[in-house]
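Please read the structure below before turning to the comments.
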2 protein chains.
Amino acid sequence: MSTILDIAKLAGVAKSTVSRYLNGGSVGEATKKKIEQAITETGYSPNPFAQSLKAKKTNIIGTIVPRLDSYAASQTLIGIDEQLKKMNYQMLISNTSQNLEREIESIYSFANQKMAGIILLATEITDQHIEAFESVKVPVLLIGQEHEDFHSLIHDDFHAGYAMGRYVLEKGYRKIAYLGVTERDISVGVKRKQGFKKAIQEVDDCDVRFYETLFNIPAAQTSAKEIIHEFRPAIFVCATDNIALGVLKASYSEGITIPQDLAVTGFGGYDVTGIIHPGITTAKFFYKEAGESAARHIIELVNERSVEKVTVSKFEIIERESVDNLLNRPL
Amino acid sequence: MSTILDIAKLAGVAKSTVSRYLNGGSVGEATKKKIEQAITETGYSPNPFAQSLKAKKTNIIGTIVPRLDSYAASQTLIGIDEQLKKMNYQMLISNTSQNLEREIESIYSFANQKMAGIILLATEITDQHIEAFESVKVPVLLIGQEHEDFHSLIHDDFHAGYAMGRYVLEKGYRKIAYLGVTERDISVGVKRKQGFKKAIQEVDDCDVRFYETLFNIPAAQTSAKEIIHEFRPAIFVCATDNIALGVLKASYSEGITIPQDLAVTGFGGYDVTGIIHPGITTAKFFYKEAGESAARHIIELVNERSVEKVTVSKFEIIERESVDNLLNRPL
DNA sequence: TTAATTTTCGGAACCGGTTCCATTTGAGAT
DNA sequence: ATCTCAAATGGAACCGGTTCCGAAAATTAA
């Protein structure tokens, strides 16, 4: 591997001149040619460590993600990556395997590695997060959760919840089980539910019960089975698509037909909801687009340009077979 | 951010002494204490660029992946990442969005960034790959494809194909459509088919036809629909789970019931095959474990220890509802 | 033609570590 | 008390770039 000094010697100039050539300083035409030739001849390419050492900065955006094997995460990452590439930045992924402690470590580690910025696919913001973000002086962007102290890009959970509520009511459902998650997750656990509640409060003949379960399918399946026996709702409104899948499995095992005997909705718009049969009605979020937007946002922050503190990403209700129209049913 | 010089001054020693302390050289007890205190006091942590610049090497393994939104890819990455962390290495992901040219670029880019090693989740090995691997002098490990010139970790595609063939025959199926992919993909397109063919050749009353489609669900769905009409097989043996999902969709839209009217099998063991109903019988590969094994393998190569050239990862036939036992059916 | 600019270029310092080498220090042996 | 030898330490060079500064060369103005 050749160094800038090799090039300088080959071209018969000083290495400062080569550096200037590389970075667009003033270089004479004749020397330009010589350097150019020396570079193509050797296939020279600057050592990024030497550059970063001097610059005290990289063009890498560190992205912290709680898990890699989730549709939302991978789509978001793809969006971030593609957009960053276009802007000549690199993405570095740190997978924390849903371990909050590792998230904190990653923040410090990224700062130490002189990342230009940090994107966190957030699930929960603890005091330790805040402390870490404040002590490292690196621009930070949260995706998926909002926090007054930091820039963030969120999905429109509240309105998605509201829209889903309206949708379900319009289809004629009144006996409803809302299967949510812990309120520590503001976006998924609180906002979606609040939006849904608002829709419910606009009608008055509703029998709605709120339940809480975990994010994974087996847990949702267990919860759903219990709820079916104790409440027998006409529809499950689930806070995530995975939970909806759990409900689906529970209803299979209980011999309940969807959507005739029980309807189900989700949130997320995961691919799988469209692949399976019956397809699940869901509020689709645009993860990839959100990732692209996040990439643009963090670069604005890196370049210290002003940018609004919170961006809201769109959603869309996707109607599939898992919800019937009760109003069209024969009496 | 403090530097090693700050620590040296604070502790009243030379920076070489601090460096020695950090790297386990001989340092007196008294000075050890002083340095230790200075470090905790300032929260010092060495600049990785300065280190890498001097060392001409990093402890990062570059991993090139054709796509992030695939079960196989994300599981493999998780395995690699977790194992590397344990061994004090880092993983850097380069997503190429199924663009072979980008794979080549990534190889050179990784070499330039002084990666300790490169792992490629391979789909196809072209001459350009070979050229790139040979010109950069970085240890390389292929996952998923075999090549005589390079180290590789492959799934046992041939035997999985064979086992699947045996399984299908044992269940009594004789009118079989094998829905495969391009032979440019040696593992998926050739090996699985060869194994399957071997099983078929051991019986003689078989009506098997071989078809080729693409990796994505809609393409598989279209192909399946045509095949259903022209051949009407009793079972589809699909080269991947995604193709099997395409067949499932096609049969829904054609009003064909699974497994009563048509059986389906896949390869991969993707999560979704167990979530949906009916579950798909599939040859499950152990992607995460393969990733862990790959991580260990590449580190062996990095440390120039001898290691066998090709490792074969296990598989397991998972029996689900998408295949009936014809022999148990009432006549 | 000479003076005043402007452009081009080389030298040296610097970024923050590691490592080699020479010197000092201290413990143990004689 | 003196000599050895190993451990402990400091100084300097080096990794491969960038950037500042001043000198030299080329251009323009007078």
Side-chain angles (χ1 to χ4, degrees), chain A residues 1-39 42-60 90 108-116 136-137, chain B residues 1-39 42-60 88 90 108-109 111-116 136-137:
Chain A
M1 199 87 267
S2 48
T3 73
I4 200 172
L5 196 61
D6 299 329
I7 304 300
K9 280 179 187 162
L10 237 167
V13 298
K15 64 174 188 168
S16 49
T17 307
V18 178
S19 176
R20 237 175 287 120
Y21 166 84
L22 258 11
N23 298 295
S26 76
V27 183
E29 278 307 317
T31 43
K32 232 176 216 170
K33 289 268 176 282
K34 286 190 290 181
I35 294 173
E36 212 162 313
Q37 204 208 325
I39 287 178
T42 56
Y44 166 77
S45 150
N47 180 323
F49 298 114
Q51 291 182 309
S52 300
L53 174 58
K54 183 70 184 172
K56 297 182 165 196
K57 204 180 191 190
T58 63
N59 59 163
I60 304 176
Q90 252 195 288
Y108 288 112
S109 162
F110 276 163
N112 190 237
Q113 289 178 72
K114 308 286 186 289
M115 298 290 118
V136 310
K137 275 154 264 151
Chain B
M1 199 87 270
S2 49
T3 74
I4 199 173
L5 195 61
D6 299 329
I7 305 301
K9 281 181 187 159
L10 239 167
V13 297
K15 64 175 187 167
S16 49
T17 306
V18 179
S19 176
R20 238 175 287 118
Y21 167 84
L22 257 12
N23 298 294
S26 74
V27 183
E29 280 306 319
T31 42
K32 234 175 215 171
K33 290 266 176 283
K34 285 190 291 181
I35 295 173
E36 212 163 311
Q37 203 209 324
I39 288 178
T42 57
Y44 166 77
S45 148
N47 181 323
F49 297 114
Q51 291 180 309
S52 301
L53 174 58
K54 183 72 184 169
K56 298 185 164 192
K57 205 182 190 185
T58 62
N59 59 160
I60 304 175
N88 278 314
Q90 252 196 290
Y108 288 113
S109 162
N112 190 237
Q113 290 177 70
K114 308 285 185 286
M115 298 288 117
V136 310
K137 278 152 265 154

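Throughout, protein chains are lettered first and strands after them, A, B, ... in sequence-line order, and every chain is numbered starting at 1.
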[atom1] of [X] versus [atom2] of [N]: gap in Å, rounded?
X	N	atom1	atom2	value
Met1(B)	dG16(C)	CE	C1'	12 Å
Ile7(A)	dG16(D)	CD1	P	12 Å
Lys9(A)	dG10(C)	NZ	P	14 Å
Lys57(A)	dT18(D)	NZ	P	16 Å
Leu5(A)	dT18(D)	CG	P	13 Å
Ile4(A)	dG10(C)	CD1	C1'	13 Å
Gln113(B)	dG17(D)	CD	P	14 Å
Lys56(B)	dT19(C)	NZ	C1'	14 Å

Practice item. With DNA chain D as reference, determine whether Phe49(A) or Ala30(B) sits nearer its 5' end, using the nearest nucleotide of each. Key: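 Residue closer to the 5' terminus by nearest nucleotide: Ala30(B).
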
Check your understanding: Mapping Ala14(B) and Ala50(A) to their closest nucleotides on DNA chain D, which lands nearer the 5' end?
Key ->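 Mapping each residue to its closest nucleotide by heavy atoms, the 5'-most match is Ala14(B).
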
Any base atoms under 4.0 Å from [X], or only sugar-phosphate, or nothing? Heavy atoms, all strands.
X	value
Lys15(B)	base
Thr31(B)	sugar-phosphate
Tyr21(B)	nothing
Ser16(A)	base
Ser26(A)	base

Are [X] and [Y] side-chain neighbours, meaning at least one heavy-atom pair lies under 4.5 Å?
X	Y	result
Leu10(B)	Tyr44(B)	no
Asn112(B)	Pro48(A)	yes
Ile39(A)	Tyr21(A)	yes

Could you tell me whether the phosphate oxygens of [N], OP1 or OP2, come under 4.0 Å of any side-chain nitrogen or oxygen in [X]?
X	N	value
Lys54(A)	dG16(C)	no
Asn47(A)	dC15(D)	no
Thr17(A)	dC9(C)	no
Gln51(B)	dG16(C)	no

Point to revise | Shortest non-hydrogen separation from Lys56(B) to Lys114(B) and the atoms involved | key: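 Closest approach of Lys56(B) to Lys114(B), heavy atoms only: O-CD, 4.0 Å.
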
Practice item. Counting heavy atoms from C-beta on, name the nucleotide in dT19(C), dC15(D), dG17(D) closest to the side chain of Leu53(B). Key: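 Among the listed nucleotides, the one closest to the side chain of Leu53(B) is dC15(D).
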
Point to revise | Matching residue for Val18(B) among Thr3(B), Leu5(B), Ile7(B) - test: side chain to side chain contact (heavy atoms under 4.5 Å, CB included) | key: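 When side chain to side chain contact (heavy atoms under 4.5 Å, CB included) is applied between Val18(B) and each of Thr3(B), Leu5(B), Ile7(B), only Ile7(B) qualifies.
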
